[in-house]
Each structure stands twice: as structure tokens, then as C-alpha cells.
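A quick write-up on the structure given underneath.
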Amino acid sequence: MEHYTMNLTLKVWRQKNKNDRGGFITYKVKDISSEMSFLEMFDVLNERLIEESEEPIAFDHDCREGICGMCSMYINGRPHGPWEGTTTCQLHMRAFKDGDTIVVEPWRANSFPVIKDLIVDRTSFDRIIQAGGFISVNTGNAVDGNSIPIEKAKADDSFAAAACIGCGACVAACKNSSAMLFVSAKVSHLALLPQGEPEKKTRVLNMIAQMDKEGFGGCTNTGACEAVCPKEISLDNIARLNQEFIGASVKTGK
Amino acid sequence: MLNSKIPAGPLENKWKNYKATCKLVNPANKRKMEIIVVGTGLAGASAAASLGELGYKVKAYCFQDSPRRAHSIAAQGGINAAKNYQNDGDSVFRLFYDTIKGGDYRSREGNVYRLAEVSASIIDQCVAQGVPFAREYGGLLSNRSFGGTQVQRTFYAAGQTGQQLLIGAYQALERQVALGNVTMYSRHEMLDLVTIDGKARGIICRNLITGELERHFGHAVLLCSGGYGNVFYLSTNAMGCNVTAAWKAHKKGAYFGNPCFTQIHPTCIPVTGDHQSKLTLMSESLRNDGRIWVPKKQGDSRKAKDIPEDERDYYLERRYPAFGNLVPRDVASRAAKERCDAGYGVGSSRQAVFLDYAAAIERYGKIEAGKQAMDHADHDTIVKMGKDVVKEKYGNLFDMYEKITGENPYEVPMRIYPAVHYTMGGLWVNYELMTNIPGLYCLGEANFSDHGANRLGASALMQGLADGYFVIPYTIGNYLADEIRTAAIPTDHPAFAETENKVKDRINSLMNIKGNRSVESFHKRLGKIMWDKCGMARNAQGLKEAVEEIRALKNEFWSDVKIPGGINELNPELDKANRVADFIELGELMCLDALDRNESCGGHFREEFQTEEGEALRQDDKYMFVSAWEYKGDNKWDLHKEELNYEVVKPSQRSYK
């Protein structure tokens, strides 16, 4: 792999706090190596801002290996930037070339209010999980792990849904700011397993009710969420969610 | 002498007897008892959920925006359990024995046996929670092998086992939040411990959004705040991982156990340049099928594919035929360092070795061809089928490698090099996981207890969950049973006010330095000192130099650090400054500990103490103890020793040959 360096123009959303109006500020960055990660490029810029006695750009990040779900930048009109199936922290600078202009914004959704600069509040996702995204089993109640065999295909599908990292890219990409992909991933993860069966109906109804309460929009099946999901969570999960939801509504009359 | 409170009696009865005789708190009293849990990784989330289920009033804290982000989530390969589902001779005793041996005989028999004993229940619990472990076609759980063992006892969910286990614990935690048993404080960081009459009674934390300091009371405080690998700046830890909670407790009197025991993981993606902010692990599970090699010729700059088979040195298979590529991490890391230092490294930096999947791809391809009765399949077809099998097993890891390096590991061997990964040291705790401060507990990676001088792969997840799900729910009752007459202490108590003022003063002093250098620049310099002089190999002279350099760095930090922004707002630079200031102090203690321990054991390799073949040489007659350091003021510590008594296992020179 050939490495190269580049000079770039960044237009970054700066917003002092949730009440501030905010706006784009332009920064020039020089000698960026193609081997850097996108966030390392931000580190370089922030170090320079500190040196110049300016406030560095606030952004969420933690594991920097694509699994914690904390990083959340809207890069050139796409959550997590141009690479498919990739979080912002795993995006590397060889995705760009010398002279490029890169626009960076926070997730935009009413249910994810901006806290500062590129940091948003995603606690609404935690509240949706609280509404039903679990199996009610207290510690110490379990039977032997092999006492209930699970069809491999189902276990694999459940795992694929459970791979969601809760980053919120699906919401940010959706024109309706819908959280359906996130909710459907959790509903699918648990509904596909025999252990999730007893609470299947209440789970889906309660999670959807909480999702609506948080102000997330409805799903119109455009598939933007699936296209940007860094873990490539499938739209099939939304179909499954709808099925579960209708089934549960009919059976419980809710 | 430190009392580890290991119950008397035969090894296999210790925990059973403890559970049968420990004190209990009745349900009505549990409702009145408040417990603080700092950190929401596997240990913290499982503890908070389990204690909430029992009826205690729990308050949980994490610095991330959600408890689901804790760095346990990044664990890849798996979790060990003595289930013996494979019928390959596993048992509680073998898991216990492997862990003791893997730890190079520097851990407690009692603790490790308990860990092995509860390991099976962890798998059951996780399955019940809906953790989608890998399964065989018959629907039963699948296992794979990990380093330092000869059985297959590792349960996994692709290369995302930590994620799946953490989400299980997180969901259990959120369920308790919904039920009102746990109050969750995210984006909060503990900045000091409050003690009253010698007991842990609360914490001072900072709301990281508003910058406000808050006082929180608890009848007991649990620190589940993870390891301190970021003292090296570059590590596989998340950017936010820090020692602050544990360090504050240490400065309040909690002893720090074996601080120099650090695990350097053999298979990480090599550093590319000064911009590097963190290192990424390639799971140890890759050593199941991958073969590690370097060229037989020094400075060979040919591409891997151009180096013929007989010019490759599979040095782990050569040196350790019995365990081959699956030797424990410390052994594999040192072997890689040895080859690179001797000039056999690969890649532009020459600080890397190959992890090659070509043989595995071909082997799996042939098996697939056999299954499909394609006796005359050509090489390309075999390779294609083999790649599909490898993708199924390790797909996400291969993708990650490609994203970071731009190279396709299905086509060319991965380049890997050791990196700081885990810290076996941590706050000293007794059998009950209580530190020497009554009411202050420490769980998971943050404590020192179970892994001795080297942790075996797939054991961190096991320990975190064992502590949180199955140990603390029993041991905390034994303490709280005597606290039922203690009413909640109002946070206007002078001890809270005084501690908060100290925290405030420290933040003010940091902000008022207004120097010239960024926090990051100090952290990088600290990391370099630690890696060069207290890393994979250490010697007395280097450690002495490191202590001096760190002291100088500390002075410079406190006179020249530059922190932009204000106190009463979200200020990541201030958060980082608080953490780096603590890392600097910890770095000094780590070097002092490494200097004091005149032997090599596990991950602690003192160059002066090695066998003729370059293996770690323990000094059992002099160092068969846990070093527990007591803080006595700036740059001053007293050493306390806890003797390690091996009643069942006979310590011997560790051999994986």
C-alpha cells in the first residue's frame, strides 16, 4: 500500500452548548498521512487549536476500534463517512485525497440533541432498551447452557442483529429520524432466541411505545439506515419487527 | 501482614463453605442499603444488575454516554469456562491449574479456584440472558482453543464476544434501571472517594456535561473501573480508560497490588507513526489457525509470498513444540520482540512479524472439498472455499485489519507486533474483593487478584463476570449485615464537603497553570518512558532512570500544562488532564514495583533474571508474595507483603515446550 500525505479543508460544525445556534468553521490541515485514522486527523487539528489557544473540537469517541459505538460524525453528508460498514474511528485518511474539502457535522435528529460541537445526547436509546430490550432473568436462575439447543441459523441471525453498536447512524441517515433499525435489531436479537420467547409480545409493544415517546419518526422503508449502518444490520430486521408488532397488537389487543 | 481472608479447609470446599456461612441481609434491610458502583463494564454492569435484583439501592456511574460503551465491549476472542462440553478432559481443577500456571505462580489458589468453579454458571447465565454464542449445527454451544491450554474451553460469539457479553449485562442493568433499583449516572466521572471513620461512604464525581461536582453517598463503594494500560499512552485500551478512580482510592489508603504486572499482547497491528492514538488488537483466537513466522534471513525485505517455505522461521513452533502458536501471551510477545530485536522483523519499521493464514485457508478448503466430494478440486477452488470458512470464523477481525492497514489479510499475511493490553495489577483486595478500606470493593480488571503475573486469554471476561454476578452478591452481604443500623449519611457531612473542596482545588490548580504544552504531549512522553523502560523487558538501571524521568515530567506537567476551556462546561481536555496527572504518579509506582521485584515472572521480565534459553526466571524463595503498596505522600510508598501459600499446586519452572 502506497502512503501519501495531503492538505485538506475541513468545515466543522461548532456549537458551544445545546442552546447555542452553532455554525460551520473552516480549518485547513496540512501534511495529513494517509495512514492516519479520521479521528487521528482530528487529534492533529485539536493539538494545533490548543497550541493556538483556541478551544479544541469536542467529539465523542472511545474504543477507536469500531465496536463501542461512541463515535458519531456526519462526514460529507453521510454518517461515519464514505466507507461502507465502517465507523468514524475506523475510517482512514486514505479515503481522501490531497485538496479535498470535508464537511463534518453532528448527528442531526430531534431525539439526539446536540450537547457541544459534534457531541449529541443519545440517552433516548438507553430508555428504549429500558422499556423492554432485555430478557427478565435474574442472576442465578439459569439452566445449563446446553439444555436448550438453538438452531444454528437462528443463533447466527440473532447474533447478526445483536451486533448493533447503538451508535445512532441509522437515525442520523433517516429523513424521518426513525429509530426503527436500532429497535428492530434488538427485537430480532431477542425474538429469534427461545429464551426471548416469553416476553416477545410485551417487549415489542413497549419498545415501540418508548421509541414514539422519544420523538423518533416513522419508517418509510427508504433503506438509508441499512446503507450507512457500520455493522451492516439488515433491513430484514425491520420487516421482522413489523411482523412481531402486528402479531403482538392483534393478540394483546393493544 | 495482610490478611487475605481465604477461608480455611480444602480448596474445593472454600467457596462452598463461605457461601454457607457468610452473613446475610434480609430483604427489608436490603432496600435501605445504598451501593455505589463505579464503571459499567462486565464487572460493574453485572454487579450493579445483580445487586439491584437482590433489592439493594444501587447507583452506577460511567464516563461514557451510555453504560454499553465500556471497554469490555472490545474483547474479541472469548470467555473460558470449565464445562467440558468437548469431552477433552477439562474440569474445574484444570482451569484452575492452567490459570495458576499461566499466571506464573503469582496468584492466590483460593481466588483462582473460585473463579474456575463459578465459570460454568457464567455461561449458563449469559445464555439465559440471550447472549448469542456461536453454536454447532446440532444447536449446542461451540468452543475453541486459546493460549496456555490444551483443551477447548473458550466460548465465543465470532470476534465480538466481549460486545455480546457486555450487551447482556447492560440489558440486565437497564432492566434494573427501569424497575427503579438502579440509578444510572452516565457522563459522570469519580474524582475522589469519601471516607468516614475509616469506612468508604461515598464518592465525589464530576458531571462531565456541566462540570458540576456532585456528592453521592453509599453504604459501600464498588470500583469496577478497569485497568490502567493507558499509562503507556499507546495500548489496546479505549481512549478514555483510566486509573483515576482506583488511584484516588489508593491515595485515600487502599493498597495497590503488583502494579508492575502488565500484559503485553502478542498480536496487535503495528504502529504506523507519531500520529498513532491507540493500538488495535487482533484476537488471540487467530493463533488457533494462523502461523507466526519471520524470514530466516536477517533484514529480508522480500514480500511474504516471495519467501519460500524453507526460508521461513516458524519460531514459536520451533521453540515450543508442545504449545506451538498457542503459548501464553507473555511468552509469545517476548519471542516476537526477540526476533525483531535480532533483526528478523518484517514491514517497513522492521518491528513486526507475520501472522499467516495461507496454510489454514488451504486446510479448511480441502476439508470443504472433501465434504462436497470434490476430490479433484483445483487449488483456486480450494482456496476460495477455505477463505469462506476463515471468513465465517474470523471475518470481522480480517475486515478490521484491512480497514486499518489497507492490506487484504486473505491474500497477504498480517503484520503484527506486541502491544500493551491488560494490567494484572490493581487495587489489593481480599477473598471478599474488599480492599483494605472497609466498605471499598474492587472488581474486574481494576483489582489485582486472579491472574498473577500473566493473564491467560479469554479469562478477563470470565473474571469480570465472576466478580459481578457470582462473588460480590455474596461477599457484600457479609459486610452490609453489620451496617444495617447505619442510616444513609447526608451529603452535607463535613467529610463530603472537605473531599469536594479538595477536588475543586485540584481542578482549579490544573486550570490555573496556563502553561504551554498540551495534556496529550505529556501523556505521550509518559508513555514513551514507560514503554522503553518498564515495558516488555526491564532492567534495574532503566527503571531507576525512568523514576527520575517521571518525577521530572510530573513537575513539568504541574507547571506547564495547558488546558483550554472552562471548568463549568463539557471540557474533554480537563477530563484528560485529571487522568494523565494520575497516570504520571502511577507510572512512578509501577517502576518502583518493577525495580523492587528482583525476578522475572509472567509479564514482568527483568533482563537480569532469565534462563539460558531466555525464559523468565522466578525467585520463589524471595518473591513468592504479592506486593501491596501503601501511599505515604508525594513519591513515597510503603511495601506490604502478602505471602502466597501454594497448598495444592507445586510451583515449577513454567514450560510450554
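In this text, all values refer to a predicted model and were calculated from it rather than measured experimentally. Below, chain A is the first sequence line, B the second, and so on; all start at residue 1.
With hydrogens and angles ignored, the 3.5 Å screen pairs no side-chain donor or acceptor of Asp60(A) with any backbone N or O of Ser72(A). Within the 3.5 Å criterion, the main-chain N or O of Ser518(B) finds a donor-acceptor partner in the side chain of Ser521(B). A donor-acceptor distance shorter than 3.5 angstrom exists from the side chain of His523(B) to the backbone of Asn230(B), with no hydrogens or angles considered.
Taking Gln171(B), Glu569(B), Gln176(B) one by one and counting their heavy-atom pairs under 4.5 Å with chain A, the maximum is reached by Gln171(B). Ranked by heavy-atom pairs under 4.5 Å with chain B, the list Ala95(A), Ala58(A), Pro56(A), Ala131(A) is led by Pro56(A). Contacts with chain A were tallied for Pro67(B), Gly139(B), Ala134(B); Gly139(B) has the most, counting heavy-atom pairs under 4.5 Å. The most heavy-atom pairs under 4.5 Å with chain B, out of Glu151(A), Gln90(A), Lys186(A), come from Gln90(A). Taking chain B as the reference chain and counting heavy-atom pairs below 4.5 Å, the highest number among Ile148(A), Leu193(A), Asp144(A) is found for Asp144(A). Ranked by heavy-atom pairs under 4.5 Å with chain A, the list Gly168(B), Ser66(B), Ser186(B), Ser72(B) is led by Ser66(B). The choice from Met184(B), Lys403(B), Met400(B), Glu520(B) that makes the most heavy-atom pairs within less than 4.5 Å of chain A is Lys403(B). Put simply, of Gly66(A), Gly140(A), Ser136(A), the one with the most heavy-atom pairs under 4.5 Å next to chain B is Ser136(A). Across Gln160(B), Gln164(B), Gln276(B), Arg517(B), the residue that shares the most heavy-atom pairs under 4.5 angstrom with chain A is Gln164(B). Of the listed residues (Arg64(A), Glu55(A), Glu35(A)), the greatest number of heavy-atom pairs within a distance under 4.5 Å of chain B belongs to Arg64(A). Between chain B and the residues Thr123(A), Ile129(A), Asp126(A), Val143(A), the largest count of heavy-atom pairs under 4.5 Å involves Asp126(A). In terms of heavy-atom pairs under 4.5 Å with chain A, the best-connected choice from Ile123(B), Val127(B), Asp124(B), Asn516(B) is Asp124(B).
Only the backbone of Glu402(B) comes within contact range of chain A, with heavy atoms under 4.5 Å apart. Proximity to chain B is limited to the side chain of Leu190(A), based on heavy atoms less than 4.5 angstrom apart. In this structure, the portion of Phe470(B) lying under 4.5 Å from any heavy atom of chain A is its side chain and not its backbone. For Gln64(B), the parts lying near chain A are the backbone and the side chain together; criterion is any non-hydrogen pair under 4.5 Å. Residue contact with chain A, scored on non-hydrogen atoms closer than 4.5 Å, involves the backbone and the side chain of Gln125(B) alike. Only the side chain of Ile115(A) comes within contact range of chain B, with at least one heavy atom under 4.5 Å from a heavy atom of that chain. For Leu141(B), the parts lying under 4.5 angstrom from a heavy atom of chain A are both the backbone and the side chain. Proximity to chain A is absent for every atom of Ser121(B), based on heavy atoms less than 4.5 angstrom apart. Looking at Gln129(B), the atoms closer than 4.5 Å to chain A (heavy atoms on both sides) sit in the backbone and in the side chain alike. Residue Ile209(B) touches chain A through its side chain alone, counting heavy-atom pairs closer than 4.5 Å. Contact annotation for Arg187(B): only side-chain heavy atoms (C-beta onward) come within less than 4.5 Å of a heavy atom of chain A. Contact annotation for Ser33(A): only side-chain heavy atoms (C-beta onward) come within less than 4.5 Å of a heavy atom of chain B. Residue His71(B) touches chain A through its side chain alone, counting heavy-atom pairs closer than 4.5 Å. With a 4.5 angstrom heavy-atom cutoff, Glu136(B) touches chain A only via backbone atoms.
A ring-centre distance under 6.0 Å is found for Phe125(A) and Phe182(A).
Geometrically, Arg175(B) does not engage Tyr170(B) in a cation-pi contact, judged by NZ or CZ lying under 6.0 Å from the ring centre and within 45° of the ring axis.
Side-chain contact of Thr139(A) with Glu53(B): a donor-acceptor pair under 3.5 Å is present, judged by distance alone. Defined by atom type and a distance below 3.5 Å, a donor-acceptor pair is missing between the side-chain atoms of Gln15(A) and Asp20(A). Side chain to side chain, Glu65(A) and Thr280(B) fail the donor-acceptor criterion of an N or O pair below 3.5 Å. Using modelled atom types and a 3.5 Å distance limit, the side chains of Ser188(A) and Asn237(A) yield a donor-acceptor pair. For the residue pair His80(A) / Thr87(A), no side-chain donor-acceptor distance below 3.5 Å is found, with atom types taken as modelled.
Atom NZ of Lys576(B) has more than 12 heavy atoms from other residues, nucleotides or ligands within 6.0 Å. Counting non-hydrogen atoms of other residues, nucleotides and ligands closer than 6.0 Å to CD of Glu54(A) gives a total above 12.
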Would you list the atom pairs, donor with acceptor, under 3.5 Å between side chains in residues 152-168 of chain A and any protein atom, with sequence neighbours excluded?
{"residue": "Lys152(A)", "atom": "NZ", "partner": "Asp156(A)", "partner atom": "OD2", "Å": "2.9"}
{"residue": "Lys152(A)", "atom": "NZ", "partner": "Glu392(B)", "partner atom": "OE2", "Å": "3.1"}
{"residue": "Ser158(A)", "atom": "OG", "partner": "His189(A)", "partner atom": "O", "Å": "2.8"}

- Check step by step if side-chain hydrogen bond (donor to acceptor under 3.5 Å, both in side chains) holds for Glu214(A) and Ser111(A). CA-CA 6 Å; Glu214(A) 297 289 347; Ser111(A) 310; over 6 Å; no

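Ion pairing between Asp65(B) and Arg122(A) holds under the 4.0 Å rule for side-chain N and carboxylate O.
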